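Given the structure is predicted, the values throughout are model-derived calculations rather than measurements. We name chains A, B, ... by the order of the sequence lines, and we start the count at 1 in each one. Side-chain atoms are counted along with the backbone in the values below, which use heavy atoms only and exclude waters and symmetry mates.
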2 protein chains.
Amino acid sequence: MTAVIPFGELKRACGNCSLRELCLPYGIGESDLRRLEQLVQRHAPVARGKQLFLQGDPLRSIFAIRTGSVKSVTVGEDGAEQITGFHFPGELVGFDAIAADVHDCSVVALEDTSVCEIPFDRLDELSGCVPGLRRQLMRLLSREIQQDQQMLLLLGKKGSEARMAAFLLSLSSRFVGRGLSASRFHLSMSRGEIANYLGLAMETISRLLARFQQDGLITVDGREVALLDLPRLHVVADMGSDGGGFTRRREG
Amino acid sequence: MTAVIPFGELKRACGNCSLRELCLPYGIGESDLRRLEQLVQRHAPVARGKQLFLQGDPLRSIFAIRTGSVKSVTVGEDGAEQITGFHFPGELVGFDAIAADVHDCSVVALEDTSVCEIPFDRLDELSGCVPGLRRQLMRLLSREIQQDQQMLLLLGKKGSEARMAAFLLSLSSRFVGRGLSASRFHLSMSRGEIANYLGLAMETISRLLARFQQDGLITVDGREVALLDLPRLHVVADMGSDGGGFTRRREG
DNA sequence: TCGATGCCTTGACCTGGATCAAAGGCGCGG
DNA sequence: CCGCGCCTTTGATCCAGGTCAAGGCATCGA
């Protein structure tokens, strides 16, 4: 968060970035891209467990993840912590702070993570001149609203199996968009963090993973996961609280 | 949704509106305000139960509530419906559609409701020229993210009592901002809708309201509610899943 | 006036997932 | 190589809140 990389290296930061199609530069012309690049500050990587910013910090910048992964955590008055999201390369964090100029969640690295910092005032200013940038910025804000509302549906209406399946599928589809495997990946978060995020107990996560494996849906080895049966996982993820269990334990 | 009010009446729509401090015009100068007003279309009121738009509709406009109230509802693949929010005068709906140019929730009037329609393309365009408008637009988007994340914390970490208390307090504080009473108000939504929103069963809502009343926290008569003890309601709302019940039923 | 319909309340019972408790791995410093 | 923490698994038990079932009580059209 301190050492800024010198100017020479910064040049073409966004233009060369493999994530540009996911990130802010999407749909921006060459010359405007150059103006955006001038705002971006690259930093030395953030170590696992360190924060990008804390809940309560004033809004200065938003951040794009370049490599690694982070979680965002909100803590309520009573001290209850809720993880409100995990974020991967190409995704931006800090949007919640625009409303009141204060971050209302903390963002913490799950592994060593490098980010691009973008001062918000200057981004706002630039977005006035560059319609494509403004539009993309709003799209990204809107997408976060969408995702949060999907999550509300998950927490409000779905049982533990559907939550777990939806979580795995969400990771899978995000990794695909980044050129990684849809069916084999590494979990950068602990069981406890998954549990927190899904509104379940850690023990429940453990049991669900074991059960999914027994039933041939997935393979788990520590934090390495393989999804074996995507179609069936989708069925499980779409089960309403009604739908019945995906494996009616055959009694007898 | 069809009959547009003639131009004469439209004049000064925003400038005279008592909600301008909550809504889009916040912090915009006189001349820019006039430009914004030219985009706004006022309509005949929407009847209770009718929709402003449906999930799946293409994004054309966003809407500001002028009088009345609405709910937004998302339905999952499996048909499970989740109410993702209630909206009152001065609030805007439709932001979720910016990401993919398609609404991913339906918005339905809870009572006869009048709205201002604002074509999104033209709003986007205008926001390029008017920094204050752009900023306010982003603030409103960001605020929705914040609110959804507060809701995630509620659904993920809080028990039924805390959810109910938080719900009542949220209504209260929003009504205050609109010049209404903080402690006496009418619920425009049914018990079933509250239940759906809070991820609980309708019966649970009924019982909670009865219990809150017994305990002197509130008064309920059908859909008329009075909050009698704001401080204690805040305590209940802040109870983590740990905190213990607000009334340890004295045994013996 | 009388169903019929839609909301709400109340009681009895059931269950999914939390909680409590007790071991496994497994990486790491010494 | 051992010992110490941390994460994870697995089993046993518990309980908040869901589900099922019966009314209650307005409003409405015939």
Side-chain angles (χ1 to χ4, degrees), chain A residues 48-49 71 80 82 110-111 154-165 167 186-214 218-225 236 239-249 251, chain B residues 48-49 71 80 82 110-111 154-165 167 186-214 218-225 236 239-249 251:
Chain A
R48 172 189 154 85
K71 60 176 173 182
Q82 174 71 32
L110 292 171
E111 56 196 313
L154 208 65
L155 294 189
K157 294 278 160 316
K158 306 295 190 85
S160 59
E161 290 172 357
R163 293 186 200 186
M164 190 71 222
F167 174 68
H186 176 85
L187 300 172
S188 55
M189 68 294 290
S190 71
R191 304 283 192 270
E193 286 164 331
I194 299 174
N196 182 302
Y197 178 60
L198 295 179
L200 299 168
M202 180 187 10
E203 294 90 329
T204 304
I205 301 300
S206 214
R207 285 188 251 265
L208 282 170
L209 288 175
R211 202 142 103 240
F212 279 14
Q213 183 161 36
Q214 273 181 22
I218 65 172
T219 277
V220 209
D221 176 25
R223 294 189 174 189
E224 299 303 322
V225 179
V236 176
M239 281 187 331
S241 39
D242 54 294
F246 72 102
T247 297
R248 271 278 160 262
R249 295 255 155 280
E251 55 263 38
Chain B
R48 171 188 156 85
K71 61 176 172 181
Q82 173 72 33
L110 292 171
E111 56 194 315
L154 207 66
L155 294 189
K157 293 278 158 319
K158 307 295 190 83
S160 59
E161 290 172 358
R163 293 186 200 186
M164 189 72 222
F167 173 67
H186 176 85
L187 300 173
S188 55
M189 68 293 292
S190 73
R191 304 285 193 268
E193 286 165 331
I194 299 174
N196 182 302
Y197 179 60
L198 296 179
L200 298 169
M202 184 191 354
E203 294 91 328
T204 305
I205 302 300
S206 215
R207 285 188 250 265
L208 282 169
L209 288 174
R211 200 141 105 241
F212 280 14
Q213 183 161 35
Q214 274 181 21
I218 65 172
T219 275
V220 209
D221 175 24
R223 294 188 174 191
E224 299 304 321
V225 178
V236 176
M239 282 187 329
S241 41
D242 53 294
F246 72 103
T247 297
R248 269 281 159 261
R249 297 251 156 282
E251 56 263 37

Report task. Determine whether any donor atom in the side chain of B:Glu203 lies under 3.5 Å from an acceptor atom in the base of D:dC20, or the reverse, and answer yes or no. Result -> yes
Report summary line: From CD1 of B:Ile205 across to P of D:dG18 the rounded distance in Å is 8 Å
Requested in this report: Give a yes or no on this: more than 12 heavy atoms of other residues, nucleotides or ligands lie within 6.0 Å of atom CZ of B:Arg48.
Outcome: no
Report task. Could you tell me whether B:Leu200 contacts a base, only the sugar-phosphate backbone, or nothing, with contacts defined as non-hydrogen atoms closer than 4.0 Å? Result -> sugar-phosphate
Query raised in the report: Can you check whether B:Leu110 reaches B:Glu193 side chain to side chain, under 4.5 Å on heavy atoms?
Result: yes
Query raised in the report: Can you tell me how far P of C:dG17 sits from CG of A:Leu154, to the nearest Å?
Result: 12 Å
**Report entry** Atom of B:Arg191, atom of B:Leu209 and distance for their closest heavy-atom approach
**Finding:** NE-CD1, 3.5 Å
Query raised in the report: Does B:Ser206 put a side-chain nitrogen or oxygen below 4.0 Å from OP1 or OP2 of C:dC8?
Result: no
Report task. Using atom CD of A:Glu161 as one end and atom P of C:dT15 as the other, report the distance to the nearest whole Å. Result -> 16 Å
Report task. Establish, with yes or no, whether the OP1 or OP2 oxygen of C:dC8 is under 4.0 angstrom from a side-chain nitrogen or oxygen of B:Arg223. Result -> yes
Query raised in the report: What's the closest nucleotide to the A:Arg191 side chain, out of C:dT9, C:dA18, D:dT9?
Result: D:dT9
**Report entry** For A:Gly199 against A:Leu155, the heavy-atom pair lying closest together
**Finding:** N-CD2, 4.3 Å
Query - B:Arg211 CZ - D:dG17 P separation (whole Å) - result: 8 Å
Query raised in the report: With respect to the phosphate group of D:dG18, does any side-chain polar atom (N or O) of B:Thr204 fall under 4.0 Å of OP1 or OP2?
Result: yes
Query raised in the report: Within the pair B:Ser160 and D:dG17, is there a side-chain N or O less than 4.0 Å away from OP1 or OP2?
Result: yes
Query raised in the report: Over how many whole Å does the gap from A:Leu110 atom CG to D:dC7 atom C1' extend?
Result: 15 Å
Report task. May I have the distance from A:Gln213 (atom CD) to D:dT8 (atom P), rounded to whole angstrom? Result -> 15 Å
Query raised in the report: Could a donor-acceptor pair under 3.5 angstrom be found where the side chain of B:Arg207 meets the base of D:dT19?
Result: yes
Query raised in the report: Atom NZ of B:Lys157 to atom P of C:dT19: distance rounded to whole Å?
Result: 10 Å
Query raised in the report: Can you name the one residue among B:Thr204, B:Leu187, B:Leu208 that meets side-chain contact (heavy atoms from CB on, under 4.5 Å) with B:Ile194?
Result: B:Leu187
**Report entry** Nearest-Å distance for atom pair CE/P, residues B:Met202 and D:dA21
**Finding:** 15 Å
